[in-house]
Amino acid sequence: MKALVVQAHPCIEESRVNKRWREELAKHPNDIEVHALYEEYPDWQIDIEREQRLLEAHALIVWQFPLYWYSCPPLLKKWLDDVFTYGWAYGSTGRKLVGKNFGLAVSIGDKETNYTRTGDIGFSVDEVLTPFKATVGHVGADLLPYFALFGASFQATDEEIAESAKAYAARILQWQSM
């Protein structure tokens, strides 16, 4: 079964990292399906039932996005708010995501050393991603270890980005075999 990558980048054509990641994932059409939210919903009118069917059809879902102010881009947040409904994703009858695996692929503009208690950010990436952990746990799914590229804004070279793209695709294929 294919992995579903829910990709949320508002300016994918201007992205060095997320665009390259998407290009690499496209090399695996039998294993990975990329669902680009900003392209799919430029008017932000999310087709909730369609999105729910898409999630139901996949055992592995990966959220791919650039870290924006220690969170995800706003359309992904809206997508979560709209799609993860009571009675479908959670609640006494909301069990559609139970047992599914979720992953996070995050491009981070800053240096990894800044994402420590003593670094400039003061929090680890694990701590920053806590809302995703809570969401996945609340719906009875499992969150896999995140994949990240640090220095996306100014440090990462084209070679490092290309290497990360290959490693990211390999990680998804590895997650699928779990």
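By convention here, the first residue in the shown sequence is residue 1. Values reported hereafter were calculated over all heavy atoms of this structure, with side chains retained and with hydrogens, waters and symmetry mates removed.
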Test log, rule side-chain hydrogen bond (donor to acceptor under 3.5 Å, both in side chains), inputs Q64 and N18: CA-CA 8 Å; Q64 176 189 321; N18 283 266; 3.0 Å; yes
Can you list the steps and then say if R117 with E127 is a side-chain contact (heavy atoms from CB on, under 4.5 Å)? CA-CA 10 Å; R117 291 212 181 260; E127 291 170 311; 2.5 Å; yes
Evaluate W21 against F147 for ring-ring contact (aromatic ring centres under 6.0 Å, His included), listing each step before the verdict. CA-CA 12 Å; W21 284 359; F147 180 87; 5.6 Å; yes
Show your working on side-chain contact (heavy atoms from CB on, under 4.5 Å) between F150 and N114 and close with a plain yes or no. CA-CA 10 Å; F150 292 87; N114 286 338; over 6 Å; no
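The shortest distance between side-chain heavy atoms of I48 and W88 does not fall below 4.5 Å. Looking at heavy atoms from C-beta onward, H9 lies out of side-chain contact with K19 at the 4.5 angstrom threshold. At least one side-chain heavy atom of R16 sits less than 4.5 Å from a side-chain heavy atom of D158. Two residues are said to be in side-chain contact when any heavy atoms from C-beta on lie closer than 4.5 Å; L54 and E33 meet this criterion.
Within 6.0 Å of CZ in F123 there are 12 or fewer heavy atoms belonging to other residues, nucleotides or ligands. Heavy-atom contacts from other residues, nucleotides or ligands closer than 6.0 Å to CD of E40 number more than 12. Within 6.0 Å of CD on E49 lie no more than 12 heavy atoms contributed by other residues, nucleotides or ligands.
We find the CD-OG distance between E112 and S124 to be 10.5 Å, quoted to the nearest 0.5 Å. Taking CZ of R53 as the start and CD of E56 as the end, the distance is 8.5 Å to the nearest 0.5 Å. To the nearest 0.5 Å, the span separating CG on L144 from CG on L60 amounts to 6.5 Å. For the atom pair OG (S15) and CD (Q7), the distance works out to 8.0 Å, reported to the nearest 0.5 Å. Of the inter-residue distances, the one linking L67 atom CG with L104 atom CG reads 10.5 Å to the nearest 0.5 angstrom. Rounded to the nearest 0.5 angstrom, T85 OG1 and L80 CG are separated by 12.0 Å.
V6 and L97 end up in the same hydrophobic cluster when Ile, Leu, Val, Met, Phe, Trp and Tyr side chains are linked at under 4.5 Å. Hydrophobic clustering keeps L4 apart from I172 (ILVMFWY residues linked when any side-chain heavy atoms are closer than 4.5 Å, directly or through intermediates). I12 and V17 fall into different hydrophobic clusters, where Ile, Leu, Val, Met, Phe, Trp and Tyr are joined by side-chain heavy atoms under 4.5 Å apart, directly or via other members. Hydrophobic clustering places F84 together with I61 (ILVMFWY residues linked when any side-chain heavy atoms are closer than 4.5 Å, directly or through intermediates). The hydrophobic clustering, which links ILVMFWY residues whose side-chain heavy atoms are closer than 4.5 Å, places Y41 and V34 apart.
Taking each heavy atom of P42 and E39 in turn, the nearest pair found is CD-O, 3.4 Å. The shortest heavy-atom contact between P74 and W44 is CB-CH2, 3.6 Å. Of all heavy-atom pairs spanning L149 and A156, the tightest one is CD2-CB, 4.2 Å. Of all the heavy atoms in P29 and A26, the pair that sits closest is CD-O, 3.4 Å.
Each of F102, Y146, F65 was compared with F132 under the ring pair (Phe, Tyr, Trp, His ring centres under 6.0 Å) criterion, and only F65 meets it. Here the options are V83, I46, L37, the test is side chain to side chain contact (heavy atoms under 4.5 Å, CB included), and the partner is K78; only I46 passes.
In terms of the side chain to side chain contact (heavy atoms under 4.5 Å, CB included) criterion, residue partners of P10 (sequence neighbours excluded) are, by chain and number, Y38, Y68, P73. Every residue two or more places apart in sequence or in another chain was checked for a side-chain hydrogen bond (donor to acceptor under 3.5 Å, both in side chains) with K2, and none qualifies.
Side chain of Q155 to backbone of D110: no donor-acceptor contact under 3.5 angstrom is found. Judged by distance alone, with hydrogens and angles left aside, the side-chain atoms of K96 form no donor-acceptor pair with the main-chain N or O of L55 at under 3.5 Å. In this structure, the side chain of K100 engages the main chain of H58 through a donor-acceptor pair within 3.5 Å. Listed for the R22 side chain is no donor-acceptor partner under 3.5 Å among the backbone atoms of A36. The main-chain N or O of M1 is found under 3.5 Å from a side-chain atom of Q176 such that the two form a donor-acceptor pair.
Salt bridge absent: E163 and K166 never bring a charged side-chain N and a carboxylate O closer than 4.0 Å. A salt bridge does not link D120 to K111: none of the charged nitrogens lies less than 4.0 Å from a carboxylate oxygen.
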